[in-house]
Amino acid sequence: MNNYLKKVLEQIGQRNSTEPEYLQAIHEVLTTIEPVIEANEIDYEKLAILERMTEPERVIMFRVPWVNDKGEVIVNRGYRIQFSSLIGPYKGGLRFHPSVNLSIMKFLGFEQIFKNALTGLPIGGGKGGSDFDPKGKSDNEIMRFCQSFMTELYRHIGHDVDVPAGDIGVGGREIGYLFGQYKRIRNAYEGGVLTGKDIVYGGSLARKEATGYGLMFFMREMLHAHNIDIKGKTVTISGSGNVAIYACEKAQAMGAKVVAMSDSNGCIYDPDGIDLDCVKEIKEVERGRIKEYRECHPNATYIEKSGTANPVWTIKTDIALPCATQNELILEDAKTLVKNGVIAVGEGANMPCSEDATKYLQENGVLVAPAKASNAGGVATSAIEMTQNSMRYYYTFEEVEEKLDRIMTNIFKACKEASEKYGLKNDYVAGANIAAFTKLAKAMKAQGLV
Ligand code: NDP
Ligand code: 2IT
């Protein structure tokens with residue numbers, strides 16, 4: 001391995017030894033950009049480019065006290081990682097999930113810098129959230145938590161400073177409560193401080209759909225490049241949240257047949273094709289469990305999750321879309337998918353495939369669409385929401401979708417060109433990392449030692 005890379009990886013390993021997800025994200029990026037470091041078009045070592053790119057500009061951790069419906073005081077922990085303002089205000093989602101910790105926040109913040117660079121839009125990288133568990137909470141509890149969270153977060157964000165949005169456990173409802181509290185504290189209507197807002201108070205049409213739709217636009221381009229038509233292909237999707245639902249919607253619109261979706265308890269398999277209206281009713285309206293799908297489709301199968309493996313990857317498919325969480329598709333799953341003839345894997349979630357799973361898939365000729373590129377449609381449309389807020393104007397749904405399609409098509413092109421430039425044909429994971437890194441390194445050099 002290149003000496004500079006080796007040295008930096010060792011330093012980062014020592015400094016962040018208790019943060020496995022963060023080290024995993026760093027390892028993937030640094031090992032795939034080796035040909036760029038070797039070519040040394042910029043003196044990366046002298047400018048400490050890698051050391052600076054892997055150290056967050058700022059890490060904020062704070063107490064979030066709130067009162068539940070029983071009158072008990074609960075104390076959660078809040079985070080905001082302001083990772084990089086190199087090419088725009090810190091930008092990235094907020095995740096509310098009991099698993100949230102510093103390692104997960106930092107891996108997400110780090111990947112966000114690269115993803116945002118790929119969109120071609122002026123947004124830096126950040127991430128935040130809390131170990132608060134929204135499951136089973138009343139609307140009032142959610143509101144009180146969001147208000148308390150924003151009462152601290154507000155001082156760190158702003159439409160030119162840091163612009164949070166949604167992620168796991170944070171959707172339109174939570175963004176609404178967060179925005180209301182921000183506006184109240186600031187006594188100003190600063191629409192562009194949060195994205196993923198409802199349409200009625202400054203949100204963008206097609207933001208809700210954007211990550212899932214964008215994933216399918218990227219998938220379409222990747223398959224086209226290999227003369228494969230998406231029409232008639234079988235698709236399995238993990239998760240049944242925001243990304244999963246709209247990936248399913250676009251896959252169906254493109255003529256594919258989605259046969260499985262999941263949540264953290266298990267997965268449904270419907271050989272007739274998933275009835276998405278039923279899934280939307282369960283997940284978006286009732287906030288229920290995916291197994292309730294069988295109440296409207298008794299012929300579908302429900303497979304309960306046992307242990308850590310996700311049963312969704314045991315179902316035969318042409319295209320697998322992990323759209324739930326990190327490391328949800330591991331080596332064993334990759335082996336099963338390959339054995340069952342999978343053609344392509346599209347990462348809707350962030351870092352859903354473990355590194356060895358990705359490697360195994362690629363070595364066996366499976367096309368892998370990497371998260372930083374393939375799920376960038378969400379944040380790209382957030383940037384389009386910010387644009388509309390600045391203009392005090394709205395685009396139509398079709399206008400936003402057309403922009404999103406163009407952005408995703410360009411991202412695929414950038415990944416393809418970068419991989420080919422370094423002789424890594426069909427390795428879009430490396431392509432995405434290289435395309436983003438090259439841009440960021442140039443910006444870092446231009447801005448001097450900061
Ligand atoms: P949602 O909260 O809307 O949905 C998450 C889905 O994933 C749910 O079905 C949930 O099941 C499942 N899930 C979450 N955590 C786990 C877990 N630990 N194990 C198993 N299943 C789990 O989130 P999103 O759809 O917004 O996000 C999904 C993924 O996409 C995340 O990785 C996120 O970072 C990424 N992403 C999101 C973007 C966005 O715009 N929202 C943009 C780009 C990436 P359950 O309900 O049972 O918990
Ligand atoms: O991971 C992601 O890109 C997101 N959760 C969306 C971030 C955003 O700012 O829209």
Side-chain angles (χ1 to χ4, degrees), residues 21 88-100 104-105 107-116 118-119 121 123-129 133-136 162-175 192-197 203-204 206-215 237-248 261-268 279 282-284 287-291 305 308-312 321-329 346-353 371-386:
E21 292 84 3
Y90 308 111
K91 180 83 195 88
L94 296 172
R95 176 178 292 190
F96 292 170
H97 193 270
S99 64
V100 162
I104 289 176
M105 292 284 99
F107 113 67
L108 289 163
F110 176 69
E111 294 216 328
Q112 198 81 44
I113 313 170
F114 290 72
K115 182 193 309 193
N116 295 5
L118 286 173
T119 66
L121 300 168
I123 39 178
K127 198 81 190 190
D133 185 359
K135 271 204 198 88
D162 184 353
V163 183
D167 194 83
I168 293 176
V170 178
R173 172 181 61 170
E174 291 73 21
I175 292 293
V193 70
L194 289 172
T195 60
K197 300 182 293 297
S204 174
R207 172 62 188 91
K208 188 174 70 175
E209 292 82 358
T211 312
Y213 279 22
L215 172 65
I237 304 179
S238 67
S240 45
N242 174 264
V243 180
I245 285 176
Y246 292 96
C248 178
M261 292 181 83
S262 71
D263 62 20
S264 57
N265 293 113
C267 89
I268 43 155
V279 174
I282 296 167
K283 289 293 172 181
E284 293 187 335
R287 297 180 188 275
R289 309 308 301 160
I290 200 70
K291 72 170 170 214
K305 192 171 163 181
T308 50
N310 188 340
V312 80
L321 303 177
C323 294
T325 195
Q326 64 277 350
N327 292 323
E328 55 161 323
L329 195 165
E347 296 187 322
N350 287 307
M351 204 166 76
C353 298
K372 294 183 201 82
S374 55
N375 75 29
V379 76
T381 307
S382 278
I384 298 171
E385 181 172 335
M386 291 161 71

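All ligand and atom numbering here is 1-based and tracks the order in the structure. Bear in mind that the values here come from a model prediction, so they are computed numbers and not experimental data.
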Residues in the immediate environment of ligand 2 (any heavy atom closer than 4.0 angstrom):
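Heavy-atom contacts below 4.0 Å: Lys91, Gly92, Gly93, Gln112, Lys115, Lys127, Ala165, Gly166, Asp167, Arg207, Asn350, Gly378, Val379, Ser382.
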Per-atom contacts, ligand 1 versus [X] - under 4.0 Å to a heavy atom:
X: Ala349; answer: 29 (C), 30 (O), 32 (O), 35 (C)
X: Gly239; answer: 9 (O)
X: Ser240; answer: 9 (O)

Would you say ligand 1 has an N or O under 3.5 Å from any N or O of [X]?
X: Lys135; value: yes
X: Gly169; value: yes
X: Asp167; value: yes

Supply the atom-to-atom distance [X] [atom1] to [Y] [atom2], rounded to the nearest 0.5 angstrom.
X: Ile384; Y: Ser204; atom1: CD1; atom2: OG; value: 6.5 Å
X: Asn327; Y: Asn350; atom1: CG; atom2: CG; value: 11.5 Å
X: Leu194; Y: Asp162; atom1: CG; atom2: CG; value: 9.5 Å
X: Lys372; Y: Ile113; atom1: NZ; atom2: CD1; value: 10.5 Å
X: Asp263; Y: Ile268; atom1: CG; atom2: CD1; value: 9.0 Å
X: Leu321; Y: Leu329; atom1: CG; atom2: CG; value: 10.5 Å

Considering only protein heavy atoms, which is closest to [atom], and at what distance to one decimal place?
atom: atom 39 (C) of ligand 1; value: Thr211 OG1, 3.4 Å
atom: atom 15 (N) of ligand 1; value: His97 NE2, 3.7 Å
atom: atom 24 (P) of ligand 1; value: Val243 CG2, 3.9 Å
atom: atom 14 (C) of ligand 1; value: Ile168 CD1, 4.0 Å
atom: atom 35 (C) of ligand 1; value: Asn350 ND2, 3.7 Å
atom: atom 17 (C) of ligand 1; value: Thr325 CG2, 3.5 Å
atom: atom 12 (C) of ligand 1; value: Ala324 CB, 3.7 Å

To which of [options] does the heavy atom nearest [atom] belong?
atom: atom 3 (O) of ligand 1; options: Asp133, Asn242, Ile237; answer: Asn242
atom: atom 46 (O) of ligand 1; options: Glu111, Glu347, Arg289, Glu328; answer: Arg289
atom: atom 4 (O) of ligand 1; options: Ser264, Ala244, Gly241, Gly196; answer: Gly241

Verify, without hydrogens or angle tests, whether Glu174 (side chain) and Gly166 (backbone) share a donor-acceptor contact under 3.5 angstrom.
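No.
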Looking at residues at least two apart in the chain, or sitting in another chain, which of them share a side-chain contact (heavy atoms from CB on, under 4.5 Å) with [X]?
X: Ile282; result: Cys278, Glu292, Tyr293
X: Val379; result: Lys91, Gln112, Lys115, Asn116, Thr119, Ile123
X: Lys208; result: Asn242, Tyr246

I would like to know whether Lys305 and Cys267 meet side-chain contact (heavy atoms from CB on, under 4.5 Å); could you show each step before the answer?
CA-CA 7 Å; Lys305 192 171 163 181; Cys267 89; over 6 Å; no
Specify whether the nearest protein heavy atom to atom 42 (C) of ligand 1 is under 4.0 angstrom away.
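So far as the 4.0 Å threshold goes, atom 42 (C) of ligand 1 is in reach of a protein heavy atom.
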Give the contacting part of [X] toward ligand 1: side chain, backbone, both or neither, where contact means a heavy-atom distance below 4.0 Å.
X: Gln326; value: neither
X: Asn375; value: both
X: Cys323; value: backbone

Contact with ligand 1 for [X], non-hydrogen, under 4.0 angstrom:
X: Arg95; value: yes
X: Gly171; value: no
X: Arg207; value: yes

Just wondering, more than 12 heavy atoms not from Lys291 lying within 6.0 Å of its NZ?
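No, because the 6.0 Å sphere around NZ of Lys291 holds 12 heavy atoms or fewer from other groups.
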Please report the shortest heavy-atom distance between Ser382 and Thr195, naming the atom on each side.
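So the minimum-distance heavy-atom pair works out to OG-OG1, 2.8 Å.
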How close do Asn375 and Glu347 get, heavy atom to heavy atom, and via which atoms?
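In this case the closest contact between Asn375 and Glu347 is CB-O, 3.8 Å.
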For Arg173 and Arg287: C-alpha separation, side-chain torsions, deciding distance, then whether side-chain contact (heavy atoms from CB on, under 4.5 Å) applies.
CA-CA 12 Å; Arg173 172 181 61 170; Arg287 297 180 188 275; 3.3 Å; yes
Checking side-chain contact (heavy atoms from CB on, under 4.5 Å) for the pair Ser262/Glu328: CA distance, chi angles, key distance, verdict?
CA-CA 12 Å; Ser262 71; Glu328 55 161 323; 5.8 Å; no
Please walk me through it: do Ile290 and Lys283 pass side-chain contact (heavy atoms from CB on, under 4.5 Å)?
CA-CA 8 Å; Ile290 200 70; Lys283 289 293 172 181; 4.3 Å; yes
